[in-house]
**Q** 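I have a structure here, written as structure tokens, and I will follow up with some questions on it.
Sequence lines set the chain letters: A, B, ... in the order given, protein chains first and strands last, and positions in each chain run from 1.
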Amino acid sequence: MQLKIQYYALMREQAGRSEELLETSAATPAALYGELAARYGFTLMPEQLKVAVNSEFTDWSRRLSAGDAVVFIPPVAGG
Amino acid sequence: MQLKIQYYALMREQAGRSEELLETSAATPAALYGELAARYGFTLMPEQLKVAVNSEFTDWSRRLSAGDAVVFIPPVAGG
Amino acid sequence: MRFRLTSSAIDTDSARRELLDLGAGGYVSFEGWVRNYNEGQEVIRLEYEAFQELAAKEGERIVAEALQRFPLKHALCIHRIGALDLTDMAVWVGVSSVHRGEAFDACRFIIDEVKHRVPIWKKEHYRSGDSGWVNCERCAAAPIHHQRG
Amino acid sequence: MRFRLTSSAIDTDSARRELLDLGAGGYVSFEGWVRNYNEGQEVIRLEYEAFQELAAKEGERIVAEALQRFPLKHALCIHRIGALDLTDMAVWVGVSSVHRGEAFDACRFIIDEVKHRVPIWKKEHYRSGDSGWVNCERCAAAPIHHQRG
């Protein structure tokens, strides 16, 4: 299925892009992160991240659907 | 001796004046307040007040000197 | 002077600029506003009166204490006196510091101490026509009500 | 919207006016300023980046939580994004309430939660030529230093 992935901050720099459409068989955010981390060499561990699907926080074990927009969220530093 | 007494807020209204020069034999602020309360009918008890002499907080048992400026300080309500 | 009395509107922009610091990451300010109800009475206006010489000294001591107790960059407090209307600003406190925690603590410390220690008094005028010196009327031995007129 | 993102300077005067209330006696505001040192490095400028859709939602939830937890009149938070220089204001929080205690508590609650929960990131650029994403570089498995040029 096809997913839309958006990258922010450190992960945007490491991925070298802000977003992409990705053809994947990853069924969950956890599996998807494994795939992307292998490709881009992300230095952040999944335990340090949160994940959002369609602009809302969600679980790492959520079933992904075609067309979902996925964002992995590095440790935040607003303020 | 002569003292300068200044009145503020409720005590100013009850005394009907902002300040006065007073000829008194009161040796301490405590004695002085008794004298003034009798004259002006102040409703505040000494326990509710602080006292300042020459623009600094002081004790009720301080010895007063000729020329001292005395202020009795009602409960404050700044802010 | 890190504690000031003023009989005109408090200029918070200019006061805030005094607290700017390249090393400050947090800034907390407090404003006391004249509100329309106090202890069940509808307030229409206020008067603040100060024993100015001692108020200035005691206020300055409070800000100095805050600067000693907390690791601050700058701190300043300005209190208005005279006649105020609803929503007017009666007092302003501003604090800057490296981290935000101490700015919150110090700002609160200063306003709490100012309210308890500085010889400033507030007379409220009520819709009913009554008026009263806050903290003085109710605790007085024989409460006084000043009727209008 | 009681939580807003802006890419231009935060207009605190106008934001403050939204919090005015005849029944409010206390107003507390917090400003986060860009400071020149962080964890021993000399900072020369910053960039803030946000996941805007989710940041707006999460920020709004935080202000709504504050309004539920504390008896407030009004609360508002504005966060700047983009490039900032030293002493620029990165974030502003304002709260008005009947009494001052809850305004202090709620203001602090909002800024603490915003810093922990809202998906906004800060990249610091250092005098040394290095730069780094705050909270990301040091905790990453293999810290990265971006050399200038």
**Q** Any carboxylate oxygen within less than 4.0 angstrom of a Lys/Arg side-chain nitrogen, looking at A/E56 and D/R61?
**A** yes

**Q** Using a cut-off of under 4.5 Å for heavy-atom pairs, which of A/A52, A/A9, A/G41 has the most such pairs with chain D?
**A**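 The answer is A/A9.
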
**Q** Does D/W121 reach the side chain of A/P74, with side-chain heavy atoms less than 4.5 Å apart?
**A**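 D/W121 reaches A/P74 side chain to side chain.
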
**Q** Do the side chains of D/F51 and A/S55 get nearer than 4.5 Å, heavy atoms only?
**A**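 In contact.
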
**Q** State the OH-CD1 distance between A/Y8 and D/I120, to the nearest 0.5 angstrom.
**A**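 Output value for this atom pair is 11.5 Å.
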
**Q** Between the main-chain N or O of A/G79 and the side-chain N or O of D/H79, is there a donor-acceptor pair closer than 3.5 Å?
**A**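 Yes; judged by distance alone, with no hydrogens or angles, the pair exists.
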
**Q** Is D/E58 close to chain A through its backbone or its side chain, or both, or neither, when contacts mean heavy atoms under 4.5 Å?
**A** side chain

**Q** Need one label for D/V134: side chain, backbone, both or neither, based on atoms under 4.5 Å from any heavy atom in chain A.
**A** both

**Q** Between CD of D/Q52 and CD of A/Q6, what distance do you get to the nearest 0.5 Å?
**A**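 Answer rounded to 0.5 Å: 11.0 Å.
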
**Q** Heavy-atom distances under 4.5 Å only: say whether D/A50 touches chain A with side chain, backbone, both or neither.
**A** backbone

**Q** Report which part of D/K57 has an atom under 4.5 Å of a heavy atom belonging to chain A: side chain, backbone, both, or neither.
**A**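 D/K57 touches chain A through side-chain heavy atoms alone.
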
**Q** When you measure from the side chain of D/Y48 to the backbone N and O of A/A77, does any donor-acceptor pair fall under 3.5 Å?
**A**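 A pair under 3.5 Å: no.
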
**Q** Can you tell me how far SG of D/C136 sits from CD of A/Q48, rounded to the nearest 0.5 angstrom?
**A**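 If we round to the nearest 0.5 Å, A/Q48:CD and D/C136:SG are 8.0 Å apart.
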
**Q** Can you tell me how far CG of D/N135 sits from CG of A/L44, rounded to the nearest 0.5 angstrom?
**A**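 Atom-to-atom, A/L44:CG and D/N135:CG are 10.5 Å apart.
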
**Q** Between A/F57 and chain D, which part of the residue has a heavy atom less than 4.5 Å away: side chain, backbone, both or neither?
**A**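 Both backbone and side chain of A/F57 come within 4.5 Å of chain D.
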
**Q** Taking CD in A/Q2 as the centre, count heavy atoms belonging to other residues, nucleotides or ligands within less than 6.0 Å. Is the count above 12?
**A** yes

